[in-house]
Structure formats: structure tokens, C-alpha cells
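Both backbone and side-chain heavy atoms feed into the values below; hydrogens, waters and symmetry mates do not. Labels below follow one simple rule: chain letters A, B, ... track the order of the sequence lines, proteins then strands, and each chain is numbered from 1.
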Amino acid sequence: MKAFTLDHAPNADTALAAMGQGATAIAGGTNLVDLMKLQVATPERLVSIRRTGLDTIGYDGDGLRIGALVTNADCAADMRVRQDWPLLSQAILAGASPQLRNRATTGGNLCQRTRCGYFTDTTQACNKREPGTGCAAREGFNRIHAVLGTSEACIATYPGDMAVALLALDAVVLTQGPFGLRQIPLAMFHREPGEDPSRDNVLQPGELITAVKLPAPTGGRQVYRKVRDRASYAFALVSVAVDLTMEQGRIARCALAFGSLGTVPWRDPAVEAVLVGEVPSPALFAQAAEILLRDARGFGANDFKIPLAARALAATLAQATKG
Amino acid sequence: MHLPLSDMYNQPDERNRLDHMRQGVIGKPLDRPEGPLKVSGTATYAAEWRIAGCVDGVLVLASIAQGQVSAIHRDDVLAREGVLAVIADPAMTRRSAQGMAAKAPQQDAARVEYFGQPVALVVAQTFEQARDAALALRIDYTDASDPAPFDPHGSGVKVEAPSDSKPVEGGDLDQAMETAAFSIDVEYETPGHASAAMEPHATIAQWQGDNLVLHGSYQMLAYNVKEIADCLGIAADKVRIIAPYVGGGFGSKLGITHEAVSAAIAARELGRPVRVVMTRQQVFQTVMRRSETRQRVRLAADPAGRLIGLGHEALVSNLPGEKFAEPVTQATEFLYGGENRLLKVEVARISRLTAGSVRAPGEAVGMQVLEAAMDELAEKIGIDPIDLRKRNLPATVPVEGTPYSSRMLTQALEEGVKAFGWSARQTRPCQTREGEWWIGMGMASAARVNMMVPAQARVTLRADGSALVETDQTDIGTGTYAILGQIAGEMLGLPIAQVTVTLGDTAFPAGAGSGGSFGAISTGSAVMRACEAIRETLAKRLGCDETDLALKDGSASGPGGESRGLPDLLDGHDLVETGSIKPGKTAKEFSQASYGAFFAEVAVHAFTGEVRVRRMTGAFGFGRVLNAKTARSQCLGGMVWGIGSALTEELAFDTRDGHLVNHDLAEYHVPVHADVPAIEVILLEERDAAASPLQAKGVGELGICGAAGAIANAVYNACGVRVRSFPLTLDKIIPALPDPFASAV
């Protein structure tokens, strides 16, 4: 770890001022501190935003506004979330461990970085960590890597669960930065790597997440299915978030998002389009999977994610459309 | 020193003294005396000693796989704040010492043999300064002249016979395979494993004149002292190791490794104490791995399901010249019949960190494959897997003809069948579906060799009638403090509160150390013998034969009803005796092993292929149970490792440069709480006089030896997918799963 300074900002404006002078925001630190120990991240100046007061949950019209500093544990346990947006609660509880969820925050979780073993090992080539060095994962041990949205430069996944649920729920990320306030739909928040994998999301330098806004509840059936190597404390191999409404035996409305499948939380309108208006059946689910995975490409050790995603989707749709 | 018995354990001690004592503490499920310290964070582990003037060192790892250090650019980092020294000494190790080496491992760290090998040490005022400087240190290398390949199964790999073991050959296996009514010939693979002890390797080195004191985390202190002394070129009696608490070892701390030697060198160079704690990643990358294995198993059976042929051949790997070869076939030698046999291990020479002992070397991976193959044979013959095992228990060890000291396998199978409810198992796979899950049951035998190693312990019966046990034996989380106290309490007739056990200091007599499941029986026997010597003296003073002496609750009584309190008999003086034991003829004249049986019920997800263990039962016979609670915990822990070996654990090496990709506990998946279901442990009491005077055998590793096989067999029984490559991750299962919609969801 490199030497660094740490200041506590009493409010968002102070934090933004510090960030404007080059400080890196730190909230729970569950990811950033690990990366600092490995010198994958080497900030010289940290500004803690834990005392900025952005840690409340409140209604916002029919929707819900979740402060950036609300911990994952508090968000998952919130009665409003559990009743009307249970998908979010399920997704959060599927991730990490109780200790981490007590510390990790809503904004920080959205910004967590990939767990690609080549990204976290400074002896290895990684365009995300060090642009221009290459991607050692493409030809390496890439079992946990993406099959959608990859580029020559990078095949790393966004690893989290919470963002996948937020994507299916049409959440919006609220930010404050040098150019004022922004409302960024979750679907636009994370960046596919393209030629520049170093930036995971569209946040500008000095821009701070202040809250996440959920639109009015859909009243649909919500299921988060996380497929993983062990029963807890493991990142998803594939996850599926669905929010779906049945009417007269047909799928009337459907939002689907996928985790650990793409380089970003993945949503594909064409998949939802093929399902809406149809009577659920294994054949329909297979058709949806075919559309989802039409451009999927494996890199060897992660080839299995393609059939696995189809299977996870079928199981999730069968569960959400049953009875 | 008064030794009433020969050191060498040449004849089974049929006197079975412990069963004739009066105190009634032996075998009881007593708590560990040090437990409260550990759970309250007040037991002092290696890195936690506060030593004045101590500074921190961090190892620098090579960023190449093979070559020679040609230049170290010290000046850059020496100019940094807090940095005190950059140590690159020819005495620094490049490999870890194997268990019981008692001499230096390969030194000269400037020669790089595998990716991430330590090549230098940076010392600074603080750990963070040292770590930063270690990452910043620039090192130049020249290429290796004769590099070893990275992939044990790639082309151009040199494959050798191990230097210290020979194949077991008998009859004509090929012929047996041809004439067999039923046969299988299958190849299985197991991946590399890490010990993954909770406490990373750590040493604080402090010189006092010519004497070196190490606070460290090691398993076998008497050997470790010699290893360190040999590395430094000093006499072993100049080295003292203090290690009262060790946060797990699982083989990785049997021999010394890089942090110990470099701390000692740095402390000498700087003239002040130096602490070196390895990071988690460094432990994974540099200390010790279990080799991956490729195993061919051939089983040939007659029409009645009796084995006429047994082949078990394994390819393992290690660094060039390294002696250790994962002894995959160790239990296959004695477990089942089949006079026509070929058991063989070969070693591929590759560039990866040292391969050595990790959690039951040999049986852990050998048994899980053998037992999975036995399941395949049982299915082919069309008999219950239990019956196949029972039909193949030989009267003596095949080829050798050695008798068994004792063997509780049949009882374990029968007790396990009852407790688990094996009769509910469906014979054919894919018969039980609960919602999205296929349910299945599997079983496997357990076997692990029993070993005794030389051990000594000193017992003092103090004038006040309390007792003190002293040995350098370590407690690596296994319950050694508890059981040694119980042995002394039983032999001397003292309530457990009257016995103090002090461990982990080489100032005390040399115990066995912790490893190979031998610590309890070896050092326990030494404690028992010291107590016997004390009893002799007490008996004399009371005027009776030692065998007639009854000691209970601090009082001594003889056959004639005469009775005196211990303080009275001791008359103001301590009685001090050192007990000693060494393996003797019983080790060669008997086949000694602990046995058991595993039963597992698993659920396999019909869509995703995820496997979750729903329940497990293990029944184990390992001689006398010294403490029913700690023994049960050992068995539980072993079965949890079995879950890991079956389903999740795998070292992932990049075969382009041999570097370890998953070098932390987030990506190297040991089972977590949610993976561990209700586990039932059945302890089968027996007495084995050939194994030790205690009548006890080793139990520490038994719980893993075959456990993964039971889980793999249950997976097959659940969903009909036979995976011959461990761990059974879902990617290997989904290609062969039946249509999930074909059966009702």
C-alpha cells in the first residue's frame, strides 16, 4: 500500500471540492482498500464520504430514493424494498458476506471493479489496470470471464449482483459533479470495454453518486437467481434477474437482466420482446436464450457460461411464470 | 531420567494401562483448555508478539518463472522513507522444506525456479513501507538455460519414478483384466490444492548473542530448528522456536519456509528483531501445493464381485529434483484385495511452487478416486457398493502378507448404513427429483495409514499434587492441549483442572510435532510413559507394585487399602520424568491404519448443475478415542475438506508462465458455512495395541480420506452424471444432465 492521506467530508459539497482537487472518494472501502493493498489502485488522497449524510432511504413519488451511503445490509433489510422491490433485496443478499454487506454501500457497490485475476495481479498484462499492456486473460485462465460485450482489449465481467437487479428494475443513478446534477439510467451507467477498458462506468472525474432511484413498483413477480461455485461468498458464474407479470396465462410484461455474463450488467430488449405476449413454455425459453446468446463468444475456460446462461434463464422463467 | 520401557515400540503393549486407571477423564468430551483464549482473541499468535525494536520485512516475489537474478536495484527503494534494508542473501530459501526434512531446503533464492518465488526481503520501519518498497524493487533477470515446462500434461515433460518409493507389483494385472467377469479401466483427475490455513506464515526473529529466538507458526518444531540452523550454518542448539498457538497448518507448516530464514538473516544483518508475515497471496504462491494428479484405475472382478486385479497408477508433479511425490496409492496398498496388481506413482518435473504435504497427502486424493472407481465397478456388477467393499477385505495385506493390527471398516460400513438410512437409496440414478433438484446418495470407505514418530515429553508431578506437561509438541488447532492433559490426568489420578499443559517451545523435550495425524499418539505415548515412571516412584513410596497403585483425585491407594494424598507422598519435592517413544518393530510387523465409511446425500440442480451436499454421515474407527469432542471435530473438519475437494477447491495455474491465478480465499474456494450441511460423526471405540501404548491411532486426517468419493458417487446417483475430474464444478456436469423439463419441476 502506498502512503495516502484521508479526510472526512462532512457533506457532499466538501467531498466534491476535494475530488475536484484529485482526491478519490471512499465509502465502505470493501473493494478499494483491497486494491490499494495490491497497488492495483494507488490514490494519494482519499476523501471519505461516510459522514456526508447520504445514507437515507425515502419515497420519491411512487418510487424510492436510496442514498449512496446506504449500506447493502440496510438496503436489503428495508421493509419498503422487501415488499415492493424484493428483487433488489434478493440480489444484495446473494452477494458477499454479512460482514461485507454491513460495510459496503449502494454507490460503492455500483463502482466495484472486476475480479479478473489478471487485473488484480500487477505482474500480468491488463488493459483495464494499465492501458496498452494487453489482456492476459483472453488466452489465460478465463473461467469467470464474460461471453458478451467483450472486446479485443478486455473480457472482464462486472462482478456484482445489486446492479443486475437495479438494471431489471429500471433504476436511475443520481450524481453530482463539476458540471452539476445528472440522472443516469442504470442501463447507461456501466461501460462496455471497447478500446478503453480502464473506465468501468460513465462517471466523470470529480463526479459523485449521491443516490439511486427506483421507479414505482411494477407489482410483478421478481426473482433473482445466482448460479455459483459454492453456496455463499462466491461471485456469480451467471445470474438472472427477472421482474415479470402474467396475464391470462401469457407473459404481459417482462424485464430481464443478467450478471457475470457480460462485461457489464446485461439487458437485451430483444429477449424481452420475444417473451411478451407469449404462453410460457420450454421452447419459448430456449428461443429467448438463443436471442440472448446470439453474439456470445467464449474464450475457452468460460465456454460453459453460454449453455449455463440458457439453463439459468429457463429455470428462472419457469419459476417466475409458474401457476 | 528414568525410563522403565524401551524407547522403541517393538511389541504391542497389551497391558492397556489407560483402561485400568481410575480418574475417568480419558476419552471424555472435555473442552480445550485454551479455547477461551482463542475465541476471545487473547491467544498470542506468531505475528502478535510485541517485541521492542521489531521492524517489518516483506518478501519480494519474482515476476518471472525461471531464470537468474542478475541485478537488484536497491538504491531506489533504500532512499524511501522508513526503508532499512534490502536483503538478498544466498542463504535465503527458494523452496520450502518438506515435512521432517530436518535440514535446509533448496537455498540460493537468486535462482528462480517458479513464478512468484521469493528472491529478496525488504525491511522497513512499518509493514506498509516494506510492502510498498517490495513492490517497487526493480530486479533484472537473465533467462534460464534449461527451463522446465509449466504444464504437467503438456509435451516435452520429463517424467520420473519417485526416488523413495517403488511400484507394488503382483501377478499379472493385464491377464486379470482380460479374464475378469467385470472390469473397469478409468482415468480420473484431481487438481492442485492449497493448505489454506487461516493464519498466514509468520516469524519474528530475534538474536540474543549467537542464539536465535523465533516466534513463529510451524507444525514440527524439533525438525524446524534443524532446518533453520542448517540454512544459517549454525548449531541447532543455538535456535529456539516458540509457537504455543498455531492457526492451522494442514501440511504447509511441517517444514520451514521463506519467511523464517529471511527474518533470521535480516535480524542478524540489522542487529534488531525482524518480523516477516506473508501476505495471503504470498502463502498461496510460494509455500506448498498439493500436486494435481492424473490417476488410472483398473479393477477386475470375478463373477461374485471379488477383485482379482487392481491397478492404480498416478502421475503427479513437482519441481526438478524434489523428492516428495504425492503418495496417491498409499491406502490402495492395503485396503482391498486383488492379487494381480500394479500400484505406481510417477512424477512430472515442472515449474510450479514446491509440491508437498497438504491435508492427508496420498489418501485425500487417492482414496476419493479409488472409491469413485469402486462405485463404477459396483454398478457394473449390479451389487450394492457396500457389499462390494465387504467382499474385498483381504485377510492380510496383498503381496506383502502383513497382518492388520485392527480394522474397523466392516463395523463402520454397518453403523453408517444404519445411521444414514442407506436402505432408502435408489439403485439407479435420476430416480428422485425434488423441485429443481435431483437427489442422490453415495458412500465411500475411509482409510488413512497410522504413523508413529519419535517423541518426548516431560511430566512434573509438583509437590502440591498438581501436574505439568511440557513438550515442544504444537497444537495447530487440533486439541493437543486437551488430550495431553487428559492422558496425564488419567495416569496420575488428577482432575483435569490440576493438570497444566505447556506446548510449542523447543526449550522443552522434543515432541512429535503436528502432522500426518501422528501428534496425538506419539507425544501422547511419551506423556503416558513419563507418567508411568512417576507412578513407579509413587508406588515404591506407598509400598506397593505400580500395577496395584490406584490414583484418583489426588490420592494414592494400594491393594491393602493404604491411602495417602499426593502432597504427603511427595513430601515437598517435585517428581520429574521424561517419557520417550520411537517407532519400532510394530510399525513394520503390522499394517496399521484408521478406517471408516462416508455417506453423503447431495442435491444436483437439474438446470444449472450446481451441487449442494444435503447431509453427511461418517463412522470412524481409530483405536481409543482420547477426547470425544476434539476427535469429533477432527472428523467434522476432515469431511468439510472432503466437500471442498469434491466440489470447489482447485489451484488454477496459467500454463503459459506457471503463475497461480487464484491466490486468495475469494477465488480459491474452500467450503463456506452454507456449503456445510448437518454432518453426523460416529466414533467407534476400539483398542489397537500395535499402534501405540495408548491403544489409539491417528484421526486428524481420516475424515477427508475418501469423503469426496462419497460425494461424487452421490452426484452420479442423483443425476446420472459421472464426472471423472475433480472438483465437480457445474461446467463438468451440465453437458450430460438430462433434460430438466422432462421430469416435473
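- Rounding to the nearest 0.5 Å gives a distance of 9.0 Å between CD of Glu667(B) and CZ of Phe141(A).
- Using a 4.5 Å cut-off between heavy atoms, Arg280(B) makes no contact with chain A at all.
- Both the backbone and the side chain of Val670(B) come within contact range of chain A, with heavy atoms under 4.5 Å apart.
- Remark: the backbone N or O of Ala136(A) is paired with a side-chain donor or acceptor of Arg656(B) at under 3.5 angstrom.
- A donor-acceptor pair is defined here as one N or O able to donate and one able to accept, closer than 3.5 Å; no such pair exists between the side chain of Asp229(A) and the backbone of Thr648(B).
- Within 6.0 Å of atom CD in Glu44(A), 12 or fewer heavy atoms from other residues, nucleotides or ligands are found, so the atom counts as exposed in its surroundings.
- Residues Lys37(A) and Thr279(B) have side chains not in contact (no heavy-atom distance under 4.5 Å, counting atoms from C-beta outward).
- Comparing His663(B), His659(B), Gln281(B), His605(B) by heavy-atom pairs within less than 4.5 Å of chain A, the highest count is held by His659(B).
- Residue with the most contacts toward chain B among Gly140(A), Ala301(A), Pro307(A): Gly140(A) (heavy-atom pairs, distance under 4.5 Å).
- Here the OG1-CG distance, from Thr608(B) to Leu237(A), works out to 9.5 Å after rounding to the nearest 0.5 Å.
- Ranked by heavy-atom pairs shorter than 4.5 Å toward chain A, the options Ala133(B), Ala652(B), Gly644(B) are led by Ala652(B).
- Residues satisfying the side chain to side chain donor-acceptor pair (under 3.5 Å) test with Arg230(A), not counting sequence neighbours, are none.
- For Glu610(B) (side chain) and Arg228(A) (main-chain N/O), a donor-acceptor pair under 3.5 Å exists by modelled atom type.
- Interface summary for chain B: among Glu139(A), Gln319(A), Gln124(A), the most heavy-atom pairs under 4.5 angstrom belong to Gln124(A).
- Within the 4.5 angstrom heavy-atom criterion, only side-chain atoms of Phe115(B), from C-beta onward, approach chain A.
- Looking at Ile64(B), neither its backbone nor its side chain comes within 4.5 Å of chain A, counting heavy atoms on both sides.
- Looking at Arg225(A) and Glu436(B), a side-chain N of the basic residue comes within less than 4.0 Å of a carboxylate O on the acidic one, giving a salt bridge.
- The two atoms that bring Met1(A) and Arg131(B) nearest to each other are N-NE, 3.7 Å, heavy atoms only.
- Taking all atoms of both residues into account, the shortest heavy-atom contact from Leu135(B) to Leu38(A) is CD1-O, 4.2 Å.
- In this structure, the separation between OG1 on Thr123(A) and CG on Asp657(B) is 7.0 Å, given to the nearest 0.5 Å.
- Interatomic distance, CG of Asn662(B) versus CG of Asp121(A), reported as 11.5 Å (0.5 Å rounding).
- Smallest separation of non-hydrogen atoms from Asp731(B) and Phe304(A): CB-CG, 3.4 Å.
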